[in-house]
Amino acid sequence: MSATLKRQLHFILIFLTALRGESRYLELREAADHDPFLLLSANLKRELAGEQLYRRALRCLDMLSLPGQFTFTAGQPQLHCAVFFISEPEELITIHYDLVSIDCQGGDFLKVFDGWILKGEKFPSSEDHPLPTAERYVDFCARGLSRRSFRSSQNVAMIFFRIHQPGNGFTLTVKNDANLFPCNVISQTPNGRFTLIVPHQHRNCSFSIIYPVVIKISDLTLGHLNDLQLKKSTAGCGGVGDFVELLGGSGLDPSKMMPFADLCYPFHGPAQMKIGCDNTVVRVVSSGKHINRVTFEYRQLEPYELENPNGNSIREFCLSRL
């Protein structure tokens, strides 16, 4: 992975840590001592839900995990800006333009992207998203306010913008809507439990954890037989149309990651695997003929667990072990 992409992924990780309470909780409560995961607690979210609409200014590089109204006003030319949006796994994100004041003819732009993208690495990948890549972009300068609202296909989205003239900017409102069958997800947390369900749909669904983790699969339903196979050849699950992959890598795009295991047949676990990559993905491939379901838990690896007993650097290849 290039040094630039690694820095950008670290930027995301820093913001994922911050959105759990570090800076945002200080803004909301002006408290000096707090649990860094407090913002994601059920109590605080219920408390926020009872308050007036949350509002704050946007930074040129920013990440948002809460609904609310957000305004960006350029204090100087801002040429390379992006805002990452992330919600709970079972939610979709709606972005509504309340006010836009930019100079499209002068080189400004404001674009929404359905997912996240960094240095050409996309989540969801082109293979897993229902739309072609070009249709995942919504360009304000091409459409104007004829399309004021945009809804994501998963729990992440982002905007890119460039503004030359100080004083110009935009205001947008973000809402989160329930998603009954989450397909592609980026986890906000390094630890958790989740069930991916693909009900008679010909599509692929990926659950991404941007941490090295231990994955423990407790249940897998695919509509046919019973086994777990480690990846030993490019054939994988062969002609089986419904299966689960465990992937690891250093970028965002699951299609560019290394496959560590194919789960080709239903089973009741537990089956456990350690994947010491910067990004770990559980991916369900579905033919549409069955109701596919996989339940798994994940936990971030401790530093001592990332040490390779053979002396090889964990950064040179990802550690995997059943």
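Not measured: the values here are computed from a predicted model.
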Pair Phe243 and Tyr265, ring centroids less than 6.0 Å apart: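 No, the ring centres sit 6.0 Å or more apart.
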What about Phe170 and Tyr97, are their ring centers closer than 6.0 Å? no
Taking side chain to side chain donor-acceptor pair (under 3.5 Å) as the test, write out the residues that go with [X], two or more places apart.
X	result
Asn279	Ser208
Asp98	Gln69, Thr173
His202	none

May I ask you to decide if the ring planes of Tyr137 and Phe113 are parallel, tilted or perpendicular, using 30° and 60° as cut-offs?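 Rings of Tyr137 and Phe113: tilted, 30 to 60°.
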Closest non-hydrogen atom pair between Pro212 and Thr280, with its separation: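 Closest pair (atom of Pro212, atom of Thr280, distance): CA-OG1, 4.4 Å.
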Minimum heavy-atom separation for Pro89 to Val185, with atom names?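 Heavy atoms of Pro89 and Val185 come nearest at CB-CG1, 3.7 Å.
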Hey, are Lys216 and Glu297 close enough for a salt bridge, meaning a charged N less than 4.0 Å from a carboxylate O? no
Hey, is Lys175 close enough to Glu91 for a salt bridge, meaning N to O under 4.0 Å? no
Pair Tyr298, Tyr211 - check ring-ring contact (aromatic ring centres under 6.0 Å, His included), show working. CA-CA 10 Å; Tyr298 52 98; Tyr211 303 90; 8.8 Å; no
Working to the nearest 0.5 Å, report the span between [atom1] of [X] and [atom2] of [Y].
X	Y	atom1	atom2	value
Leu64	Ile86	CG	CD1	11.0 Å
Glu88	Asn176	CD	CG	8.5 Å
His268	Thr295	NE2	OG1	10.5 Å

With a 3.5 Å cut-off and sequence neighbours excluded, list the donor-acceptor pairs that the side chains of residues 70-84 form with protein atoms.
| unit_1 | atom_1 | unit_2 | atom_2 | d |
| --- | --- | --- | --- | --- |
| Thr71 | OG1 | Thr171 | OG1 | 2.9 |

When Arg203, Arg283, Lys122 are each screened for salt bridge (Lys or Arg N to Asp or Glu O under 4.0 Å) with Glu127, the one that passes is Arg283
Check for a donor-acceptor pair, side chain of Asp242 on one end and backbone N or O of Ser286 on the other, with a separation under 3.5 Å.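 Side chain of Asp242 to backbone of Ser286, a donor-acceptor pair under 3.5 Å: no, none is there.
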No-hydrogen, no-angle side-chain donor-acceptor test under 3.5 Å, [X] and [Y]:
X	Y	value
Ser206	Asp128	yes
Asp114	His129	yes
Asn155	Gln188	no

Any side-chain heavy-atom pair of Lys274 and Leu301 under 4.5 Å: yes
Enclosure of Arg162 CZ (heavy-atom neighbours >12, cutoff 6.0 Å): yes
What residues, two or more places apart in sequence or in another chain, satisfy side-chain contact (heavy atoms from CB on, under 4.5 Å) together with Glu135?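 If we apply the side-chain contact (heavy atoms from CB on, under 4.5 Å) test to Glu135, skipping adjacent residues, the hits are Leu131, Pro132.
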Find out if a path of hydrophobic residues (ILVMFWY) with successive side-chain heavy-atom gaps under 4.5 Å connects Leu247 to Leu220.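 They do not share one cluster, since no chain of ILVMFWY contacts under 4.5 Å joins Leu247 to Leu220.
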Do any side-chain atoms of residues 251-261 form donor-acceptor pairs under 3.5 angstrom with protein atoms, and if so which ones, sequence neighbours left out?
| unit_1 | atom_1 | unit_2 | atom_2 | d |
| --- | --- | --- | --- | --- |
| Asp253 | OD1 | Ser255 | N | 2.9 |
| Asp253 | OD1 | Ser255 | OG | 2.6 |

